[in-house]
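Note that the structure is predicted; figures quoted are calculated from it, not measured. A note on names: the letters A, B, ... follow the listed sequences, proteins ahead of strands, and every chain is numbered from 1.
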Protein chains: 2
Amino acid sequence: MTKSEQQTAKRDAAKEQESVITGPAEDYLKAIYELELAGGAASTNDIAQRLSFAPASVTGMIRRLAEHGLLAYERYRGVTLTAAGRKAALRTLRRHRVIESYLVGTLGYRWDNVHEEAERLEHAASEELIDRMAAAIGEPVVDPHGAPIPTREGVVDETQYCSLADLGPGHRVAVVRVGDDDPEVLRYLASIGIMPGVTIAVLACEPFDGPITLSIENERISIGAPLAAQVLVDMIGGSEAPSH
Amino acid sequence: MTKSEQQTAKRDAAKEQESVITGPAEDYLKAIYELELAGGAASTNDIAQRLSFAPASVTGMIRRLAEHGLLAYERYRGVTLTAAGRKAALRTLRRHRVIESYLVGTLGYRWDNVHEEAERLEHAASEELIDRMAAAIGEPVVDPHGAPIPTREGVVDETQYCSLADLGPGHRVAVVRVGDDDPEVLRYLASIGIMPGVTIAVLACEPFDGPITLSIENERISIGAPLAAQVLVDMIGGSEAPSH
DNA sequence: GAGTCGAATTAGGTTAACCTAAACCAGCTG
DNA sequence: CAGCTGGTTTAGGTTAACCTAATTCGACTC
Ligand SMILES: [Mn+2]
Ligand SMILES: [Mn+2]
Ligand SMILES: [Mn+2]
Ligand SMILES: [Mn+2]
């Protein structure tokens with residue numbers, strides 16, 4: 001083998017490794033996983049919207065992922081993750097959430113600007129790095145926004161919580177999770193005391209997606225429906241299912 | 001503006017940002033910087049070899065980088081970094097070395113497997129993350145292999161050291177830096193006690209790139225010329241310029 | 001069962017970043 | 001100064017990942 005053939009061989013070998021699940025593909029799988037959790041098969045448009053791509057681009061990527069056995073895809077029918085696809089999605093989700101937790105836990109980041117950083121690092125970090133980060137902060141079970149962190153083995157809590165927007169007045173709830181992607185939203189939520197673990201009482205709800213009045217730590221505050229939808233909660237004590 | 005036009009605008013805005021200096025481009029600039037340090041203009045073949053790409057590919061990337069004002073390029077003449085190119089190279093070099101230092105300093109990595117990790121993370125980490133990492137480990141001046149870390153402002157120590165392979169017998173030297181990219185080499189160097197800060201006496205040198213016999217911490221050991229070339233050293237006390 | 005409409009796909013195009021094979025050129029060698 | 005040669009570039013090709021515009025499809029309405 002000549003020297004330049006050796007180099008060529010080395011390049012080919014290096015490519016072999018990952019190849020199929022590229023960075024962009026990881027983001028698609030993650031998005032599809034989350035859409036699927038929310039409601040059945042993920043539609044082309046939903047994926048496009050979540051990732052800010054044109055629908056035509058999504059169709060293209062979907063085809064490729066399906067060819068590689070990561071998605072079950074029938075034209076005009078939306079997509080579902082296969083076992084392999086789900087595994088890959090959870091792997092990326094774990095990375096993302098471990099990174100967010102680590103940045104907040106040990107590097108002094110605040111919860112409103114870790115998402116963007118994690119969105120890039122999740123594709124570059126090795127398994128080893130993620131495991132070391134997780135170990136360094138005590139193997140957390142949720143990320144700074146309350147989202148569950150999949151284990152190394154791909155096990156994750158998929159409990160569905162309802163949001164503040166789904167509740168009627170009179171409920172007492174514990175915040176379990178908030179949307180993680182909009183820094184301004186997160187700063188505002190922090191400023192009014194909404195974060196995982198906090199207890200909230202719903203005082204009033206105006207109809208037609210009107211504002212919702214809450215009591216948080218003895219403070220009274222009204223928030224709009226879109227914001228309320230970003231806050232996932234768990235019923236406390238005697239209260240049960242949402243009132244409609 | 002319609003909703004879909006808004007999305008399109010958002011995509012364009014997002015692209016505007018970096019665009020020009022992509023991940024691969026950062027690796028090219030880094031490689032060119034280091035080749036230039038070693039000796040004048042960087043040749044297409046040298047760059048190709050260092051990055052394990054075909055020379056034709058290098059020509060292509062060089063053209064693009066030159067068009068964007070990062071390289072001074074004349075066909076068949078090799079390339080030189082412009083001020084902008086140098087700045088970008090040092091930015092990436094800083095990232096790389098801060099990351100290596102951080103991984104070793106706080107996550108329990110050993111020095112032999114941080115290079116590969118840093119090679120990917122350097123393209124994904126934000127300026128803020130790098131600065132926080134550097135602060136967390138006390139703003140180190142060199143990375144775990146002894147390579148100088150450029151400051152945030154792009155200032156770096158460019159002192160040229162000679163390697164063990166350049167020395168004649170009788171010299172007493174301090175190791176300042178070792179090659180950072182081959183894990184096996186690094187493990188071996190560590191096993192025989194060669195790492196930055198250690199003092200070495202050169203006992204004997206065989207001609208024709210033969211082995212070099214050293215005394216390290218009162219241990220006697222011979223190493224081959226290629227390995228010796230990876231160890232950069234500083235003269236101690238009375239000794240001066242290399243003996244040829 | 002034809003019409004309609006939004007969602008999805010197809011068609012066709014772009015850019016970055018690689019590749020191999022073929023030409024090309026600069027500088028030395030006889 | 002003609003010829004060689006190794007380094008370099010050009011020519012032509014591939015793949016991933018996006019785009020817009022045009023077409024097609026499914027499902028629901030009249
Ligand atoms: Mn996030
Ligand atoms: Mn991402
Ligand atoms: Mn390195
Ligand atoms: Mn790199």
Side-chain angles (χ1 to χ4, degrees), chain A residues 2-29 31-32 35 40-68 70-71 73-79 123, chain B residues 2-29 31-32 35 40-68 70-71 73-79 123:
Chain A
T2 74
K3 197 161 121 205
S4 109
E5 271 166 358
Q6 257 179 37
Q7 275 224 337
T8 301
K10 190 163 126 204
R11 283 196 294 265
D12 292 353
K15 194 175 292 188
E16 204 71 30
Q17 280 302 316
E18 46 153 89
S19 213
V20 167
I21 306 187
T22 59
E26 290 180 332
D27 283 337
Y28 275 86
L29 292 171
I32 292 164
L35 288 168
S43 77
T44 301
N45 262 7
D46 288 351
I47 300 168
Q49 174 142 35
R50 175 151 314 206
L51 297 175
S52 292
F53 293 142
S57 309
V58 172
T59 301
M61 177 65 98
I62 275 175
R63 233 178 19 74
R64 225 168 311 141
L65 293 177
E67 268 163 21
H68 289 296
L70 297 161
L71 298 179
Y73 171 49
E74 256 181 301
R75 270 161 44 272
Y76 293 96
R77 281 284 150 82
V79 296
H123 313 295
Chain B
T2 74
K3 196 161 122 206
S4 110
E5 271 166 358
Q6 255 179 39
Q7 275 224 339
T8 300
K10 190 163 128 204
R11 283 197 293 268
D12 291 353
K15 196 175 291 187
E16 204 70 31
Q17 280 303 315
E18 45 153 271
S19 214
V20 166
I21 305 186
T22 59
E26 289 180 333
D27 283 337
Y28 275 87
L29 293 171
I32 292 165
L35 289 168
S43 76
T44 301
N45 261 8
D46 288 351
I47 301 169
Q49 174 141 36
R50 176 151 312 208
L51 297 175
S52 292
F53 294 141
S57 309
V58 172
T59 301
M61 178 64 97
I62 276 175
R63 232 178 21 74
R64 225 168 311 143
L65 294 176
E67 268 163 21
H68 289 297
L70 298 160
L71 299 178
Y73 172 49
E74 257 180 300
R75 267 160 47 273
Y76 293 97
R77 281 285 151 82
V79 295
H123 312 294

With respect to the side chain of [X], which nucleotide from [options] is positioned closest?
{"X": "A:Ala54", "options": "D:dC19, C:dT20, C:dC24", "result": "D:dC19"}
{"X": "A:Phe53", "options": "D:dC18, C:dT9, D:dT9", "result": "D:dC18"}
{"X": "B:Thr59", "options": "C:dA17, C:dA11, D:dT8", "result": "D:dT8"}

Rounded distance in Å - [atom1] ([X]) to [atom2] ([N]):
{"X": "B:Met61", "N": "C:dT15", "atom1": "CE", "atom2": "P", "result": "16 Å"}
{"X": "A:Ile47", "N": "D:dC18", "atom1": "CD1", "atom2": "P", "result": "13 Å"}
{"X": "B:Glu26", "N": "C:dA16", "atom1": "CD", "atom2": "P", "result": "16 Å"}
{"X": "B:Glu74", "N": "C:dC24", "atom1": "CD", "atom2": "C1'", "result": "17 Å"}
{"X": "A:Asp27", "N": "D:dA17", "atom1": "CG", "atom2": "P", "result": "11 Å"}
{"X": "B:Glu67", "N": "C:dT15", "atom1": "CD", "atom2": "P", "result": "12 Å"}
{"X": "B:Ile21", "N": "C:dA17", "atom1": "CD1", "atom2": "P", "result": "11 Å"}
{"X": "B:Leu51", "N": "C:dA17", "atom1": "CG", "atom2": "P", "result": "13 Å"}

Open item on the list: Need to verify one output field. Residue with the more 5' nearest nucleotide on DNA chain C, A:Asn45 or B:Tyr28?
Closed with: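 The 5'-side residue here is A:Asn45.
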
Task: Toward the 5' end of DNA chain C, by each residue's nearest nucleotide, B:Val58 or B:His68 - done: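 Result: B:His68.
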
OP1 or OP2 of [N] less than 4.0 angstrom from a side-chain nitrogen or oxygen of [X], does that happen here?
{"X": "A:Tyr73", "N": "C:dA8", "answer": "no"}
{"X": "B:Arg75", "N": "D:dT10", "answer": "yes"}
{"X": "A:Ser43", "N": "C:dA7", "answer": "no"}
{"X": "B:Arg64", "N": "C:dA17", "answer": "yes"}

TODO: Report the residue (A:Pro55 or A:Tyr76) whose heavy-atom-nearest nucleotide on DNA chain D is the more 5′ of the two.
DONE: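 By nearest-heavy-atom nucleotide position, the 5'-most residue is A:Pro55.
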
Pick base, sugar-phosphate or nothing for [X], based on heavy-atom distances below 4.0 Å to the nucleic acid.
{"X": "B:Arg77", "answer": "sugar-phosphate"}
{"X": "B:Ser57", "answer": "base"}
{"X": "A:Pro24", "answer": "sugar-phosphate"}

Heavy-atom distance under 4.5 Å between the side chains of [X] and [Y], does that happen here?
{"X": "A:Leu51", "Y": "A:Val58", "result": "no"}
{"X": "B:Arg64", "Y": "B:Leu70", "result": "no"}
{"X": "B:Val79", "Y": "B:Ile47", "result": "yes"}

Reported [atom1]-to-[atom2] distance for the pair [X] and [Y], which is rounded to 0.5 angstrom:
{"X": "B:Arg50", "Y": "B:Leu35", "atom1": "CZ", "atom2": "CG", "result": "4.5 Å"}
{"X": "A:Ile32", "Y": "A:Leu71", "atom1": "CD1", "atom2": "CG", "result": "4.5 Å"}
{"X": "B:Thr22", "Y": "B:Tyr28", "atom1": "OG1", "atom2": "OH", "result": "9.5 Å"}

